[in-house]
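The structure appears below as structure tokens.
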Amino acid sequence: MARPTRNHGAAVLAALLLCAAPANAAGKFPIGDWYGEGQPGDPNYHWLAHYKPGGVFEIVFRHCISGKALDDNEGGTWSYENGRDRISTLHIEGEATHYVDDYETISNTGRVWKYRMVASLNADAPIGFVFTAVRVDASFVLPQCDMSS
């Protein structure tokens with residue numbers, strides 16, 4: 001099954017990580033579940049990230065193309081300090097990888113987080129792109145492709 005390119009997956013992942021913490025979190029990144037939509041150049045992406053204790057995350061990206069879903073599972077570690085998130089992706093679809101992306105918080109209401117990609121090891125990364133994610137409960141599931149895009 002095809003999966004999003006590294007450029008798309010990393011950008012969305014970073015966005016979700018930023019959505020987890022209120023602006024006054026004093027460097028602590030809350031554990032929880034986060035949902036977002038769209039990626040640079042393609043609004044037909046959806047993602048659901050699960051941030052776990054100890055700085056571990058898992059995320060599912062769903063790319064909807066002509067009503068069909070192409071899912072991509074990624075995971076790794078996160079850290080949050082002084083309004084910046086660093087995301088290290090360590091595996092994609094079970095295959096080992098390693099890349100690091102940094103994001104800066106623009107605003108956070110505790111439910112809606114806006115953040116910008118500020119650095120990446122990937123030369124094709126969408127530096128400057130602004131992402132938005134929302135907190136969801138643990139029972140939330142990604143929308144089906146025939147109900148989106």
Side-chain angles (χ1 to χ4, degrees), residues 1-22 29-53 55-80 83-149:
M1 174 183 302
R3 62 180 182 240
T5 64
R6 186 265 174 255
N7 182 19
H8 286 117
V12 174
L13 174 59
L16 288 175
L17 290 173
L18 290 169
C19 292
F29 202 82
I31 307 309
D33 302 299
W34 306 97
Y35 171 73
E37 297 177 352
Q39 290 196 23
D42 193 338
N44 297 315
Y45 273 91
H46 306 270
W47 66 92
L48 179 60
H50 306 283
Y51 295 93
K52 300 177 180 188
V56 174
F57 75 85
E58 294 177 0
I59 187 168
V60 177
F61 297 99
R62 175 163 289 160
H63 190 194
C64 295
I65 301 173
S66 301
K68 303 251 189 273
L70 298 174
D71 287 354
D72 175 43
N73 297 286
E74 299 185 13
T77 62
W78 57 263
S79 64
Y80 181 83
R84 289 189 88 153
D85 289 303
R86 172 160 282 183
I87 299 164
S88 297
T89 301
L90 302 176
H91 59 84
I92 299 173
E93 289 298 316
E95 294 180 31
T97 190
H98 187 254
Y99 54 88
V100 178
D101 298 304
D102 292 329
Y103 300 84
E104 181 177 77
T105 299
I106 296 169
S107 66
N108 189 326
T109 68
R111 173 150 168 73
V112 177
W113 193 290
K114 293 187 185 245
Y115 50 93
R116 172 183 303 111
M117 178 179 253
V118 295
S120 177
L121 296 178
N122 177 8
D124 296 326
I127 303 298
F129 190 83
V130 174
F131 296 91
T132 302
V134 297
R135 183 184 296 269
V136 294
D137 71 32
S139 64
F140 184 86
V141 295
L142 286 171
Q144 297 298 315
C145 286
D146 60 353
M147 299 179 70
S148 63
S149 58

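Residues take their numbers from the sequence shown, with the count starting at 1.
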Applying side-chain contact (heavy atoms from CB on, under 4.5 Å) to L90 and H98, what does each step give before you reach the verdict? CA-CA 5 Å; L90 302 176; H98 187 254; 3.1 Å; yes

Walk me through it: do R86 and S79 pass the test side-chain contact (heavy atoms from CB on, under 4.5 Å)? CA-CA 5 Å; R86 172 160 282 183; S79 64; 3.6 Å; yes

Nearest non-hydrogen partners of [X] and [Y], listed with the distance:
{"X": "T105", "Y": "Y80", "value": "OG1-OH, 3.7 Å"}
{"X": "S88", "Y": "F57", "value": "O-CE2, 3.6 Å"}
{"X": "W34", "Y": "R111", "value": "CZ3-O, 4.3 Å"}
{"X": "I92", "Y": "D72", "value": "CG2-OD1, 3.2 Å"}
{"X": "F61", "Y": "Q39", "value": "CD2-NE2, 3.8 Å"}
{"X": "V118", "Y": "E104", "value": "CG1-CB, 3.7 Å"}

Is there a side-chain contact between V112 and T132 in this structure, where contact means two heavy atoms from C-beta onward sitting under 4.5 Å apart? yes

Is there side-chain contact between K68 and C145, with heavy atoms separated by less than 4.5 Å?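 Heavy-atom side-chain distance check fails, nothing below 4.5 Å.
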
For R62 and P143, indicate whether the former's side chain and the latter's backbone hold a donor-acceptor pair under 3.5 Å. yes

Would you give the length of the straight line joining atom [atom1] of [X] to atom [atom2] of [Y], rounded to the nearest 0.5 angstrom?
{"X": "D85", "Y": "M117", "atom1": "CG", "atom2": "CE", "result": "11.5 Å"}
{"X": "I87", "Y": "I59", "atom1": "CD1", "atom2": "CD1", "result": "8.0 Å"}
{"X": "E95", "Y": "N73", "atom1": "CD", "atom2": "CG", "result": "12.0 Å"}
{"X": "R135", "Y": "F140", "atom1": "CZ", "atom2": "CZ", "result": "14.0 Å"}
{"X": "I127", "Y": "D101", "atom1": "CD1", "atom2": "CG", "result": "7.5 Å"}

Using the side chain to side chain donor-acceptor pair (under 3.5 Å) criterion, which residues pair with H91? Sequence neighbours excluded. none

Please identify each residue that fulfils side chain to side chain donor-acceptor pair (under 3.5 Å) with S66, with sequence neighbours left out. none

In terms of the angle between their ring planes, are Y35 and H46 parallel, tilted or perpendicular, with boundaries placed at 30° and 60°? parallel

Does a donor on one side chain and an acceptor on the other come within less than 3.5 Å for S139 and D137?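 The criterion, which ignores hydrogens and geometry beyond distance, is satisfied for D137 and S139.
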
With side-chain contact (heavy atoms from CB on, under 4.5 Å) as the criterion, how do N44 and I65 come out once you've worked through the C-alpha distance, each side chain's angles and the decisive distance to 0.1 Å? CA-CA 7 Å; N44 297 315; I65 301 173; over 6 Å; no

